Amino acid sequence: MRVLLVGAGGVGGAITRIAARRPFFEAMVVADYDRGRAEAAVAALGGDARFTAGQVDAGDEAAVAGLLARHRCDVLLNATDPRFVMPLFRAARAAGATYVDMAMSLSRPHAERPYEECGVKLGDEQLAQAADWEKEGVLALVGMGVEPGLSDVFARYAADELFDEIEEIGVRDGANLTVDGYGFAPSFSIWTTIEECLNPPVVYEAGRGWFTTEPFSEPEVFDFPEGIGPVECVNVEHEEVLLVPRWVDARRVTFKYGLGGEFVETLKTLHLLGLDRTDPVTVPGPDGPVAVSPRDVVAACLPDPATLGERMRGKTCAGTWVRGVRDGKPREVYLYHVVDNQWSMAEYGSQAVVWQTAVNPVVALELLATGAWSGAGVLGPEAFPAHPFLDLLTAYGSPWGMREQ
């Protein structure tokens with residue numbers, strides 16, 4: 001397997017550190033718009049000859065396809081933000097390469113009824129091309145991070161191994177992370193966080209299909225394992241709700257994120273001021289007017305999440321809560337994966353949230369390389385058997401857990 005990794009930020013850098021310990025691939029080209037960042041990621045690996053640094057604009061499909069061909073890469077792993085999903089997705093298809101991402105094509109709210117009906121849903125643009133990918137015998141494995149990704153694998157495992165009937169699958173994400181010296185410092189991309197938290201959340205119900213609610217709706221307190229404890233969680237737009245019902249039979253699917261009151265209020269303020277917008281606004285500059293995206297300005301004013309590891313304390317938990325019936329009796333479980341920031345920093349030099357995101361696509365690549373996972377078309381993680389993934393994740397030194405509720 002020869003891999004083109006596009007994006008050498010926090011998650012991309014963690015991917016290289018994790019992959020460097022595994023023998024399943026022949027080469028990995030690490031490319032970024034900032035060549036220096038790609039070179040730094042490769043240099044940190046201590047001379048592993050399988051890794052090469054490159055430069056590419058993720059929005060330039062021809063350049064990406066050319067890089068795939070030049071290095072004879074048969075896989076494109078997308079570690080950029082969701083704005084670049086479609087150009088990279090199309091470039092992979094043009095080159096006949098397997099495509100893997102951790103977030104799907106962007107949504108657009110319904111024009112008249114944004115908090116009741118779906119407009120363009122997350123992943124719609126990619127899934128619309130599923131038949132073409134399948135006909136060409138090429139695989140696009142979409143949403144293969146931690147959430148979406150591992151959470152979807154948990155949903156598949158629950159359906160196959162733990163339940164006869166499933167009433168609800170609810171992804172629940174929470175943490176007790178703190179960052180020394182900062183009053184507000186998100187542990188993941190603020191650009192992506194704004195996108196998923198301020199868009200109308202999507203809920204799935206059998207018989208009704210997908211529908212939307214108000215942002216931060218249906219608050220509940222969820223007790224997270226391994227010392228994290230109770231965290232208030234709210235509905236957030238996320239890919240699992242769009243993916244899981246396509247392959248797993250469940251009457252209801254939700255995603256709730258443990259944001260905390262202060263974080264929610266900050267996001268609401270950004271929205272109130274229009275600072276969540278992506279359309280450029282014109283501001284004065286030293287050489288004349290400059291067009292800038294307010295959301296890009298917010299991101300530039302905050303610390304890079306990849307640099308926060310030394311200041312972070314605590315744990316992050318990603319998991320899937322499932323309620324249903326087994327052998328005629330009610331059952332409720334929480335399948336989860338916890339990463340302690342102290343461990344991930346000591347072991348890999350990566351903060352917990354980006355490391356937890358990064359490990360899952362590497363596990364998936366190894367399963368594809370060995371043939372344990374195979375397929376064609378545009379497929380989510382729940383389209384594949386869960387056992388090989390969960391076994392290999394444990395072999396990577398990061399075991400998962402299950403709690404009877």
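Keep in mind it's a predicted model, so treat the numbers as computed, not measured.
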To the nearest 0.5 Å, what is the distance between CE (Met28) and CG (Leu4)? 9.5 Å
Any luck finding a side-chain donor-acceptor pair between Thr213 and Glu218 under 3.5 Å? no
Show me the pairs that pass ring pair (Phe, Tyr, Trp, His ring centres under 6.0 Å) and involve residues 87-107, at least two apart or across chains. Phe89-Tyr99, Phe89-Trp133
Using modelled atom types only, decide if a donor and an acceptor are shared between the side chain of Arg108 and the backbone of Gly119 within a distance under 3.5 Å. no
Tell me which pairs pass ring pair (Phe, Tyr, Trp, His ring centres under 6.0 Å) where either residue lies in residues 7-64, with sequence neighbours left out. Phe25-Phe51
Thr193 and Phe263: CA distance, side-chain angles, deciding distance, side-chain contact (heavy atoms from CB on, under 4.5 Å) verdict: CA-CA 11 Å; Thr193 302; Phe263 201 106; 3.7 Å; yes
Between CE on residue Met86 and CG on residue Leu106, distance to nearest 0.5 Å: 10.0 Å
What is the distance from atom CD of Glu239 to atom CD of Glu147, rounded to the nearest 0.5 Å? 10.5 Å
Whether Thr16 side chain and Gly13 backbone form a donor-acceptor pair below 3.5 Å: yes
Electrostatic pair Arg251:Glu167 at N-O distance under 4.0 angstrom: yes
Chi angles and distances behind the side-chain contact (heavy atoms from CB on, under 4.5 Å) call for Val244, Tyr204: CA-CA 9 Å; Val244 168; Tyr204 173 84; over 6 Å; no
Please confirm whether Arg21 makes a cation-pi placement over Tyr348, using NZ or CZ under 6.0 Å from the six-membered ring centre and within 45° of the ring normal. yes
Quick check on Arg326: does its CZ atom have over 12 non-hydrogen neighbours (other residues, nucleotides or ligands) under 6.0 Å away? yes
Do the side chain of Arg156 and the main chain of Val248 share a donor and acceptor less than 3.5 angstrom apart? no
Do the rings of His337 and Trp355 sit parallel, tilted or perpendicular, given the 30° and 60° boundaries? parallel
Can you find a pair of side-chain heavy atoms, one from Leu379 and one from Trp247, that are under 4.5 Å apart? yes
Check whether any side-chain N or O of Thr320 sits under 3.5 Å from a backbone N or O of Ser151 as a donor-acceptor pair, and report yes or no. yes
Short question: side chain of Asn341, backbone of Ala352 - any donor-acceptor pair under 3.5 Å? yes
Tell me if a side-chain donor or acceptor on Asn235 pairs with a main-chain N or O of Pro201 at a distance below 3.5 Å. no
Atom pair CZ/CD1 of Arg252 and Ile169 - distance to nearest 0.5 Å: 12.5 Å
Interatomic distance, CZ@Arg311 vs OH@Tyr182, rounded to 0.5 Å, equals 5.0 Å
Leu162 and Met402, any side-chain heavy atoms less than 4.5 Å apart: yes
Report, as yes or no, whether the 6.0 Å neighbourhood of atom CD on Glu404 holds more than 12 heavy atoms from other residues, nucleotides or ligands. yes
Euclidean distance, Asp74 CG relative to Arg2 CZ, rounded to 0.5 Å: 8.5 Å
Any side-chain heavy atom of Val146 sitting closer than 4.5 Å to one from Met102? no
Within a 6.0 Å radius of atom CD on Gln342, are there more than 12 heavy atoms belonging to other residues, nucleotides or ligands? no
Parallel, tilted or perpendicular: which describes the rings of Tyr334 and Tyr336, with under 30° parallel and over 60° perpendicular? parallel
Which side-chain N or O atoms in residues 269-281 pair as donor and acceptor under 3.5 Å with protein atoms at least two apart or in another chain?
from   : atom 1 : to     : atom 2 : distance (Å)
Thr269 : OG1    : Glu265 : O      : 2.9
His271 : ND1    : Asp276 : OD2    : 2.8

Does one side chain, of Tyr396 or Glu366, offer a donor that lies under 3.5 Å from an acceptor on the other? yes
So, do Pro385 and Trp373 sit near enough that their side-chain heavy atoms are less than 4.5 Å apart? yes
For Ala291, is there any backbone N or O sitting under 3.5 Å from a side-chain donor or acceptor partner on Thr282? no
When you look at CG of Asp296, are more than 12 heavy atoms from neighbouring residues, nucleotides or ligands closer to it than 6.0 Å? yes
Non-hydrogen atoms of Thr192 and Pro82 that approach each other most closely: OG1-CD, 3.5 Å
For a 4.5 angstrom cut-off between non-hydrogen side-chain atoms, does Phe384 reach Met144? no
